[in-house]
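Following: one structure in structure tokens, then a few remarks.
Note that this is a predicted model, so its numbers are computed, not measured.
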Amino acid sequence: MKRLLLSLLASAVLAQPALALSCAPADLSRDFRAAAESEDTWVVVEGVVTPDRASLPTSSDDKGVPRTLNARLKGMSLGAGGFVNEFDADITVNVTCAGPWCGSVPSGKVLAFLRQHDGSLVMTSGPCPAMLYANPTDAQKAEIVACVTEGGCGQ
């Protein structure tokens, strides 16, 4: 009887669907090309995000993550000469989810692609790495600068 119960229990546990999020690896060149080919206007900024505490909700959605909040991003924006333009602006952060997996509200240093939308700059933070890189390395910054200064971005 114990063997039967153990077998039934094991079958029930093993029969559960495997839930996993499958993300493509982070790829700055791919993100740069997508932004360049988009009809939207994009700004690439390397800097520090400071969430506006007043915009953080006192309650959150069912995942425990606020969906939209205000923040300040201060740093340098990407131009023809690299990260040479001072940048200090209020932005909107949209946190997206895919099933139970959600992005997070970034804090600290980021390399971010900001989309201009209805007069605002919007950063999207999803569960898969795209258009937003926390704690960018010198190699990542050099890669994105090369996309602009060398007229192409790794095909």
Side-chain angles (χ1 to χ4, degrees), residues 16-155:
Q16 298 299 318
L19 296 175
L21 180 63
S22 179
C23 295
D27 186 335
L28 273 167
S29 295
R30 179 192 62 222
D31 290 347
F32 184 87
R33 286 190 308 274
E37 293 168 3
S38 168
E39 292 184 15
D40 294 320
T41 301
W42 294 82
V43 178
V44 180
V45 178
E46 190 258 336
V48 175
V49 176
T50 306
D52 178 4
R53 297 293 172 205
S55 75
L56 290 173
T58 54
S59 63
S60 53
D61 69 7
D62 59 334
K63 304 288 187 277
V65 177
R67 296 282 190 211
T68 303
L69 71 131
N70 299 320
R72 187 114 187 133
L73 179 55
K74 187 173 183 175
M76 304 297 278
S77 67
L78 184 63
F83 287 100
V84 295
N85 304 309
E86 286 192 36
F87 184 91
D88 186 0
D90 292 324
I91 64 169
T92 299
V93 180
N94 283 338
V95 176
T96 63
C97 298
W101 299 276
C102 295
S104 60
V105 178
S107 63
K109 194 165 253 189
V110 297
L111 178 70
F113 290 74
L114 306 175
R115 183 175 58 91
Q116 289 186 344
H117 179 70
D118 291 337
S120 297
L121 291 170
V122 179
M123 171 191 296
T124 300
S125 177
C128 293
M131 304 296 206
L132 179 60
Y133 298 82
N135 301 310
T137 64
D138 289 339
Q140 287 175 315
K141 291 186 272 187
E143 179 181 351
I144 199 72
V145 168
C147 289
V148 173
T149 60
E150 296 174 12
C153 218
Q155 301 295 334

Under the side chain to side chain contact (heavy atoms under 4.5 Å, CB included) test, which residues partner [X], sequence neighbours left out?
{"X": "Ser38", "result": "Asp40, Trp42"}
{"X": "Ala34", "result": "Met131"}
{"X": "Thr124", "result": "Asn94, Thr96, Val122"}

Non-hydrogen atoms of [X] and [Y] that approach each other most closely:
{"X": "Thr92", "Y": "Ser120", "value": "OG1-CB, 4.3 Å"}
{"X": "Leu132", "Y": "Ser125", "value": "CD2-CB, 3.7 Å"}
{"X": "Cys23", "Y": "Pro129", "value": "CB-CD, 4.2 Å"}
{"X": "Leu73", "Y": "Gly47", "value": "CD1-C, 3.9 Å"}
{"X": "Phe32", "Y": "Leu78", "value": "CE1-CD2, 4.4 Å"}
{"X": "Ala71", "Y": "Val49", "value": "CB-CG1, 4.0 Å"}

Please enumerate all residues that pass salt bridge (Lys or Arg N to Asp or Glu O under 4.0 Å) together with [X], with sequence neighbours excluded.
{"X": "Lys74", "result": "none"}
{"X": "Asp88", "result": "Arg72"}
{"X": "Asp138", "result": "Lys141"}

To the closest 0.5 Å, what do you measure between [atom1] ([X]) and [atom2] ([Y])?
{"X": "Ile91", "Y": "Leu121", "atom1": "CD1", "atom2": "CG", "result": "7.5 Å"}
{"X": "Thr41", "Y": "His117", "atom1": "OG1", "atom2": "NE2", "result": "12.5 Å"}
{"X": "Leu111", "Y": "Asp31", "atom1": "CG", "atom2": "CG", "result": "9.5 Å"}
{"X": "Glu143", "Y": "Leu28", "atom1": "CD", "atom2": "CG", "result": "4.5 Å"}
{"X": "Ser77", "Y": "Leu114", "atom1": "OG", "atom2": "CG", "result": "9.5 Å"}

Would you say the side chain of [Y] lies within less than 4.5 Å of the side chain of [X], judging by non-hydrogen atoms?
{"X": "Met123", "Y": "Val110", "result": "yes"}
{"X": "Val43", "Y": "Gln116", "result": "yes"}
{"X": "Phe83", "Y": "Val145", "result": "yes"}

